[in-house]
Number of protein chains: 2
Amino acid sequence: MKPTQKHTIYDIATRSGASASTVSAALNGTWKARRIKEATALRIIALAREMGYSVNLQARGLRTARSGLVGLILPEHNNRFFSDLSQSFTLEARARGQCPVIIATARNPEEELSTVRDLMAYSIDALFVAGAADPQHISKICRAAQLPHVFIDQPCPDAPSVITDNETGARQLTEAIIDTLAPHSPALEGTGREKIYLLGGDARLHASSRRIAGFRAAMIAHFGRCDDDQVIACGYEPQTAQAEIRALHARLGGMPAGLFANSLNVFEEVLRFLSRRPEPELRGFSLGCFDYEPYGELLRLPVHMVRQRHRELVRRAWELLEEPGSTELVTVPPELCLARPRVLRYEG
Amino acid sequence: MKPTQKHTIYDIATRSGASASTVSAALNGTWKARRIKEATALRIIALAREMGYSVNLQARGLRTARSGLVGLILPEHNNRFFSDLSQSFTLEARARGQCPVIIATARNPEEELSTVRDLMAYSIDALFVAGAADPQHISKICRAAQLPHVFIDQPCPDAPSVITDNETGARQLTEAIIDTLAPHSPALEGTGREKIYLLGGDARLHASSRRIAGFRAAMIAHFGRCDDDQVIACGYEPQTAQAEIRALHARLGGMPAGLFANSLNVFEEVLRFLSRRPEPELRGFSLGCFDYEPYGELLRLPVHMVRQRHRELVRRAWELLEEPGSTELVTVPPELCLARPRVLRYEG
DNA sequence: GGCACCCGCACAATCGATGTTGCAATATAA
DNA sequence: TTATATTGCAACATCGATTGTGCGGGTGCC
């Protein structure tokens, strides 16, 4: 009854009087195809259960060249977008009888590559890569090893990818920021404080570049122009973001009219900065964040957010994997989460 | 040069004129002990690199009965405490040359058990279990399979465990909440609104019960009593927490003097509730949360938090694993993060 | 009665590594 | 010169599963 030791199909074979191959067939469900008597199969299955048998997946994997493991590589765990992605990925994987292996690589391209290689050494069945720093290199390695792979969030031209419609999302978010701008004040004209700034992200990466494009488009549609200094793609590092927002504030001599935080990491730093400014300075300040964080809805300031549909991204990624050999790019529209006017919004 | 196909040590053996066993020894570093000429070893290593060889870890695992995989089971990904834990776990695992496999089981005991069994089928080398719903059952299965395991956050009497000093942390947090209570108002006496309430968690679980004990101790130390209705251990479900806070508010006819949120999930719901209350109702309301969330520092309300030292928890867990056969219980003191008075705290 | 055929299963090869054993060839000792 | 050690490596068994092949016995058919 109790699985005291590890049993193998050979133990079961001995105790059941059958051969190992019969046991194998009985247990993995191929017994019908192998013309094993139903009674024999059932007897073996019952015995295996009684002995607490569980298959050795390394042995199976060695034989079949599959492992049941599916990898997901992402930049970090403690970021709501990626942890939501992990959650969805886990659900999808387990629903398909696969075992999810999720590894964070700190936006470090070398770490990414070495992790890919590590995972391949385990004969993972598929690899999902979210927010990669170097998609092409990863894809090259995977293709060389014939490993099915999909990119999420950051696409790759050489492999199937699923991304959010960053441009549209960014445009809508920018429009929302514009809509909640404080009434135009002539005093600020020309100081730069009348403008909206986009902060964070890496312009060399696809996702950021599309978001920047969306931001620009909205700016041009509404104001007829978008200055280069309005886009501050300073990466994802909290320290850098903090420094940039400070510098911006210093340069302008005050808060700008609005801000587009291009990642949760940056958003958090913006809030940290804001939490040290006196209240009056924040009146009429219009804030948006690309990516969703539930706490964003619970802040003193109204915050507009763009929520990526993580479940959908993961689902579509899995679908892409199932159609072989495509380099399709699937785009999923994001969800715009507008700050609703709140009782507490302003006290004045 | 390019790893076009998967190579094995046999390919390398053929191409190098050596035998597979020599190749194996050369590549895994045991060649000195096996009296292989240095020149031979180096030649093989160079060839392997050139061919882009990488070991098949399933084959190695089958032979050695180890896999290089270490499991971490936790309730959910999208919770800052657990995602911090994932992050630390990943770092520690990779520093030791192991591959982390992190799986969320939704606080579902059956899901936990089946995940444990799945992981064991992969011959994982060790299992870490954080916030388990049913530690004893898990431990029993692991012991039967002789799998080294450690519990984090929720301890198990039968296995090594690392936990935060929940009682002290809760006491300190409660004291902080008491310290920031609004001045005593005789009008509220006897309404229940003069009291502090603990919301969330599961009193049957060790962590919660210690936190409740700490809460009680602080209450008794300061007020000479703690009523049973002050502890509302309603679990971790957002919906339930939301319902309970509403019910409390209705029962009291207003906000209580303070609240101790016993988990981030509950904290989030409390904030959601608060964000719909008019500002004046929140004056002097004193809020604390067991577990840390960076956004907690950025809210309109001052929030005290207790931060578990995730890195330390993980490190100690790994240490425990290395001393064999202990059922030691290691306690790590948490970090108290007091809300600092802020410019924006009140406007009045 | 002889042949073909199907049923139910066992045998054995195989996946890719590890590690023990043993065998030549050379070096050292007697 | 023969006996003994040592060096350097190849052969082979093994881990636990999967899967192609084949064999003995029973049935059906002519």
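Throughout, a chain's letter reflects where its sequence line sits, starting with A, and its residues are numbered from 1. Atoms considered below: every heavy atom in the structure, side chains included; atoms not considered: hydrogens, waters and symmetry mates.
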Which whole-number value in Å describes the distance from [X] [atom1] to [N] [atom2]?
X	N	atom1	atom2	answer
A:Arg66	C:dC15	CZ	P	18 Å
B:Gln58	D:dG16	CD	P	15 Å
A:Met51	D:dG16	CE	P	13 Å
B:Tyr10	C:dC15	OH	C1'	9 Å
B:Arg35	C:dG19	CZ	C1'	13 Å
A:Tyr122	C:dG16	OH	P	18 Å
B:Ile9	C:dC15	CD1	C1'	12 Å
B:Lys32	D:dC9	NZ	P	15 Å

Closest nucleotide among [options] to the [X] side chain:
X	options	answer
A:Ile36	C:dG16, C:dC9, D:dC9	C:dC9
B:Arg60	C:dC9, D:dC15, C:dA17	C:dA17
B:Leu62	D:dG16, C:dA17, C:dG22	D:dG16
B:Thr8	C:dA17, C:dG8, D:dA17	C:dA17

Is it true that the side chains of [X] and [Y] contain a donor and an acceptor less than 3.5 Å apart?
X	Y	result
A:Asp84	A:Gln87	no
A:Glu237	A:Asn265	no
B:Arg60	B:Ser67	no
A:His149	A:Ser139	yes

Q.
Taking donor-acceptor contacts at under 3.5 Å, does the side chain of B:Arg34 reach the base of C:dT20?
A.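 Flag set: donor-acceptor pair detected.
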Compile the donor-acceptor pairs under 3.5 Å between side chains in residues 20-27 of chain B and protein atoms, sequence neighbours left out, one pair per line.
residue : atom : partner : partner atom : Å
B:Ser21 : OG   : B:Ser19 : OG           : 3.1
B:Thr22 : OG1  : B:Ser19 : OG           : 3.1

Q) Are B:Asp118 and A:Arg94 within salt-bridge range, i.e. N to O under 4.0 Å? A)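 Salt bridge: yes.
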Q: Give a yes/no answer on whether the side chain of A:Tyr53 brings an N or O atom under 4.0 Å of OP1 or OP2 in D:dA17.
A: yes
Q. Looking at residues 12-31 of chain B, who's got a heavy atom less than 4.0 Å off DNA chain C?
A. B:Ser21, B:Ser24, B:Asn28
Q) Which pair of heavy atoms, one from B:Val55 and one from A:Ala121, lies closest together, and at what distance? A) O-CB, 3.5 Å
